[in-house]
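See below for the structure under consideration.
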Amino acid sequence: MDQVLYGERSRNPLARTVHLSEAGLRRGGRTTPLEELNLAAMAEAFLRGAWLGGGGAERPLASLPQGAGPVPVTRATGSCVPLKVRQASAFAHALGELAVRRCGGPEQVAALATRAQQEGVPLWIARRYAHGPAGPIAVAVDRRQVRVDAWGPHAPPYACARRTDSSATATEAPAWC
């Protein structure tokens, strides 16, 4: 059995208690595997003394209440789910430390943040990687701006393309590239 890093107890069998362990995050009867969480983005914000919220918004860790309150949890898809816990600050610290540990430590988190800055895409935005004919391709999806960026090591400077309507043509280089 995994060691519980954060746990809540209740006499009420129907209470939605929260448990965080190395195996996953359990709220009530639902378990979310840690692979479904964006641990890298949460770890990077945690190491800077902030907590990541919806849409990439950050707030200081000190602003989280010591008692009950919502704590935003960022999923791998880039969406954010507020989780109501009884000790918000303790839960955020436990999840932040777990995220740093699962990402390979502070040095690896710093390397991920540097890579994201070079790519020009924040860590909290969902990424997918695939093998293409000219090498690996990375795709970042920002649902809020209805934007998809795709890039690879051998892509020409204007290889990025965004399609928001049917009037876009592939020969024009977008102004935002």
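All values below come from the heavy atoms of this structure, side chains included, with hydrogens, waters and symmetry mates left out. This is a predicted model, so every value here is computed, not measured.
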Closest contact, heavy atoms only, S21 versus L98: O-CD2, 3.9 Å
Straight-line distance of T74 OG1 to I125 CD1, nearest 0.5 Å: 12.0 Å
V81: hydrophobic cluster co-members (side-chain, 4.5 Å): none
Gap between atom CG of L39 and atom CG of L112 - 0.5 Å precision: 11.0 Å
Under 4.5 Å side-chain linkage, directly or through intermediates, the cluster mates of L14: none
Common cluster, V100/L52, ILVMFWY with side-chain heavy-atom separation under 4.5 Å: no
Path from F91 to M42 over hydrophobic side-chain contacts below 4.5 Å: yes
Pairwise distance OG1(T77) to CG(N38) - rounded to 0.5 angstrom: 8.5 Å
Sequence-distant partners of P82, side-chain contact (heavy atoms from CB on, under 4.5 Å), two or more places apart: P70
C103 to A43 - nearest heavy-atom pair and separation: SG-CB, 4.4 Å
Listed once per pair and sorted, the side chain to side chain donor-acceptor pair (under 3.5 Å) pairs that draw on residues 94-104, sequence neighbours left out: E22-R101, E35-R102
Path from L37 to V85 over hydrophobic side-chain contacts below 4.5 Å: yes
Residue list, side-chain contact (heavy atoms from CB on, under 4.5 Å) with P65, at least two apart or on another chain: A88
With A92 via side-chain contact (heavy atoms from CB on, under 4.5 Å) - residues at least two apart: W51, L61, L64, V71
Donor-acceptor contact present, side-chain S79 to main-chain R75, <3.5 Å: no
Carboxylate-amine/guanidinium proximity below 4.0 Å for R48 and E58: yes
Gap between atom OG1 of T17 and atom CZ of R26 - 0.5 Å precision: 6.0 Å
Nearest non-hydrogen partners of L34 and G24, listed with the distance: CG-CA, 3.9 Å
Separation between CG of L20 and CZ of R27, rounded to the nearest 0.5 Å: 13.5 Å
Which atom of A113 lies closest to which atom of E44, heavy atoms considered: CB-CG, 3.6 Å
H93 ring center near Y6 ring center (under 6.0 Å): no
Distance (rounded to the nearest 0.5 Å) between R86 CZ and E8 CD: 5.0 Å
Sub-4.5 Å side-chain heavy-atom contact between L5 and H19: no
Exceeds 12 heavy-atom contacts within 6.0 angstrom, atom CD of Q117: no
Same apolar cluster: L95 and F46, side chain cutoff 4.5 Å: yes
